Amino acid sequence: MANLLVVDDDDDIVEGLEDLLAPEGHTVLVAHDGVEGLARLDEAVVDAVLLDVEMPRLTGPQMAYEMFLRDAGREKIPIILLSGQMDLRRIAAIVGTRYYLAKPYSVDDLFAMIDRALVEQAPPTPKFP
Amino acid sequence: MWIALAFAVVALVFVAASALTEHVARDIGVEALALKTNALPSVQHLTVARTELRHAWMAADAAVHTPAIATERLEALRRARKALGDELGTYHELPGYPGEHELYDREVRPELDRLDGALAHLIGLVSSGRYDSASLIASQDVKPAVEDLEASLKKLDQLNAEQAASSAASILRIRDESARLMLAADVVSFAISVVAATLAIGAARRYTRAVQRTADLQSARASELDAFALRVAHDLLSPLSAVALSLGSIERRHHQDVETERAVARANRALWRSRELAHGVYRFASSGALPAPGAHAPLSATIRSTVDDLLAVESDSPPELFVEPFADCEVACDTAVLSSMLSNLLDNAAKFTKGSPVRRITVRAKTGERRVRIEVEDTGPGVPVGFESAVFDPYFRVPGVTEPGLGLGLATVKRYAKAHGGAVGMRRLEAGTVFWFELPRAPMRPSVAAERPPEPSPQPDAAPRT
């Protein structure tokens with residue numbers, strides 16, 4: 001039903017999301033850090049990005065900023081932040097996305113958030129310095 | 001120890017200096033007394049005696065050579081002789097220096113007797129009109145006697161003058177010696193005081209450095225522990241998330257298997273408890289941080305939303321929850337902080353009233369000019385006597401308590417309160433407990449004051465929120 005890019009450095013979380021989302025009909029692309037994530041965006045058109053915050057090489061907010069800078073339509077892709085950061089609300093405000101879930105989240109909350117992002121298609125409006 | 005010894009030596013030097021001063025004062029007093037009671041009055045009387053001796057000779061000479069006034073001059077001679085005797089008598093009663101009385105007895109007394117003999121002869125001749133013989137006696141007997149007595153009196157005068165000069169010289173010498181000794185004592189005291197002060201300053205500096213090092217170590221350790229706690233809290237949540245996703249997968253694949261559903265439900269409950277524990281550790285670790293400058297939290301809105309959150313969680317069997325009317329204001333902290341503090345008290349109240357016959361929670365807010373106090377009263381079993389302070393310690397659990405938890409909730413409230421310049425406490429009721437915290441009140445912002453509608457009048461009875 002939708003092309004979803006999952007970006008997380010935790011293999012168990014990446015596999016867990018694949019296991020949940022693929023049976024629902026979604027095509028799941030995976031990346032393990034922000035650099036890989038940007039490379040995946042060069043290879044395919046995605047409908048939403050499920051993005052972790054703390055990752056090596058390029059963090060989630062840094063990847064979101066690159067998506068915004070590089071333009072080419074990527075700045076319009078909805079971003080769902082999935083993170084164990086306690087101040088996730090503040091990070092989401094900086095990234096400019098209304099879609100975020102604090103780890104660990106329930107599967108129902110995850111599906112609800114993905115559905116909402118795919119329907120609303122609200123692009124991030126970053127407040128980077 | 002060296003400082004104490006130094007101060008003891010200074011004290012001893014001070015005492016010795018005081019004793020020396022007293023001794024010197026006594027010596028000077030002795031010399032001064034000798035001057036006052038001996039030398040000076042002796043010189044005075046001897047001087048007057050010599051004057052009266054001269055008057056006597058002049059009167060005798062006039063009587064001899066001026067017959068017209070002989071009678072009158074003889075009378076003057078008698079008066080002068082009496083005055084001479086009186087002065088010498090008074091002088092002789094004064095204390096004498098060594099050799100003084102001996103000199104008087106050896107020379108003055110015989111001279112005086114000799115003079116008296118000569119004068120008596122002269123007076124007899126003048127009275128009988130034999131002026132030529134009287135003149136001869138005057139020149140051959142009286143005048144030499146007067147001169148010899150004058151010389152003896154002069155010797156006594158000189159002796160007393162020399163003794164006075166000697167006393168004065170002694171006073172000066174004693175004064176100079178004592179001044180030198182006092183100066184030496186002052187120098188020694190000053191030197192020892194400087195040494196003692198230097199030692200004391202060195203010791204104080206070492207102590208201050210040691211205290212600062214200890215404080216720095218404790219602060220660094222606390223920071224490390226806080227950072228560790230934050231890291232642990234965060235790093236626990238990713239694996240928990242993987243567990244949640246896996247449980248979700250299992251649930252979706254085997255949702256018709258009752259046993260699997262029950263197992264997944266148990267695992268999920270444990271998962272959410274672990275999440276709450278990790279969040280509790282995180283909140284505790286971050287609660288010691290200083291508040292952001294200018295932070296404001298709306299009291300009424302925060303209480304309302306935090307109470308609503310509790311009722312949502314306790315929706316299966318909600319407690320009676322009252323919020324008493326209060327005057328709204330803003331609190332000098334982040335909304336998240338205020339909500340977290342109230343939430344901790346409400347969670348505790350809800351947890352510990354679960355088994356109580358009456359399950360009621362009351363929230364009060366008392367708004368003062370500078371501070372706001374928020375109270376949460378419950379009808380739970382209360383805190384046992386002796387644990388009133390310990391309940392606010394981290395990881396403390398009242399003995400015998402079986403309700404789940406790490407024991408960080410009240411400790412988090414206390415840390416937040418302390419970081420914001422506030423306070424926490426509790427008091428026992430007949431049936432239940434009141435836990436409270438105080439925070440500084442934020443000054444009203446002009447824009448907020450303009451936007452805020454007028455506060456409603458407080459209602460006498462607040463309806464329970466359930």
Side-chain angles (χ1 to χ4, degrees), chain A residues 1 4 6-26 28 30-33 50-56 59-61 80-94 99-115, chain B residues 226-227 229-255 261 264-265 267-289 292 295 305 312-313 334-337 339-340 343 408 412 416:
Chain A
M1 297 180 14
L4 302 174
V6 170
V7 188
D8 199 309
D9 60 331
D10 189 326
D11 287 336
D12 290 332
I13 289 178
V14 167
E15 282 181 31
L17 285 170
E18 271 187 304
D19 275 354
L20 278 171
L21 298 173
E24 298 295 312
H26 298 300
V28 181
V30 303
H32 294 90
D33 58 48
L50 280 65
L51 188 56
D52 186 19
V53 170
E54 264 199 26
M55 291 183 291
T59 66
I80 303 171
L81 286 178
L82 304 172
S83 172
Q85 293 282 342
M86 299 290 181
D87 56 346
L88 185 56
R89 184 183 296 183
R90 184 185 63 87
I91 296 171
I94 293 173
Y99 312 118
Y100 58 92
L101 278 176
K103 289 177 181 173
Y105 37 81
S106 71
V107 171
D108 291 341
D109 286 345
L110 174 68
F111 282 133
M113 186 63 72
I114 291 173
D115 289 344
Chain B
D226 283 350
L230 284 168
R231 197 70 239 166
V232 165
H234 170 261
D235 290 350
L236 269 177
L237 295 175
S238 274
L240 289 179
S241 193
V243 171
L245 289 171
S246 299
L247 287 172
S249 270
I250 294 170
E251 197 177 22
R252 280 175 175 257
R253 287 199 171 92
H254 302 280
H255 64 275
E261 253 192 14
V264 167
N268 269 322
R269 283 196 298 274
L271 185 70
W272 296 124
R273 275 204 301 280
S274 303
R275 175 176 176 266
E276 287 312 304
L277 288 173
H279 278 240
V281 167
Y282 174 85
R283 278 194 295 267
F284 176 72
S286 60
S287 62
S305 69
V313 169
D334 277 333
T335 303
V337 167
S339 180
S340 174
S343 176
L408 287 178
T412 301
Y416 270 134

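The figures that follow rest on heavy atoms only: side chains count, while hydrogens, waters and symmetry mates do not. We name chains A, B, ... by the order of the sequence lines, and we start the count at 1 in each one. A quick note: this is a predicted structure, and the numbers were derived from the prediction, not measured.
- In this structure the side chain of B:Arg253 reaches within 4.5 angstrom of the side chain of A:Pro23, judged on heavy atoms.
- The nearest pair of heavy atoms linking B:Ser249 to A:Gly16 is OG-O, 4.4 Å.
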side-chain contact (heavy atoms from CB on, under 4.5 Å) assessment of B:Arg252 paired with A:Val107: CA-CA 10 Å; B:Arg252 280 175 175 257; A:Val107 171; 3.5 Å; yes
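- If you measure heavy-atom distances from A:Asp10 to chain B, the contacts under 4.5 Å come from the side chain alone.
- For A:Leu110, the part sitting under 4.5 Å from any heavy atom of chain B is the side chain, from C-beta outward, and nothing else.
- To the nearest 0.5 Å, the span separating OG on B:Ser241 from CG on A:Asp52 amounts to 9.0 Å.
- Of the listed residues (A:Asp8, A:Leu17, A:Ile13), the greatest number of heavy-atom pairs within a distance under 4.5 Å of chain B belongs to A:Ile13.
- Neither the backbone nor the side chain of A:Glu15 comes within contact range of chain B; no heavy atoms are under 4.5 Å apart.
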Verdict with supporting geometry, B:Leu245 and A:Leu20, side-chain contact (heavy atoms from CB on, under 4.5 Å): CA-CA 7 Å; B:Leu245 289 171; A:Leu20 278 171; 3.4 Å; yes
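- Distance check, rounded to the nearest 0.5 Å: OG of B:Ser246 to CG of A:Asp19 gives 7.5 Å.
- Looking at A:Asp108, the atoms closer than 4.5 Å to chain B (heavy atoms on both sides) all sit in the side chain, from C-beta outward.
- Only the side chain of A:Glu24 has a heavy atom closer than 4.5 Å to any heavy atom of chain B.
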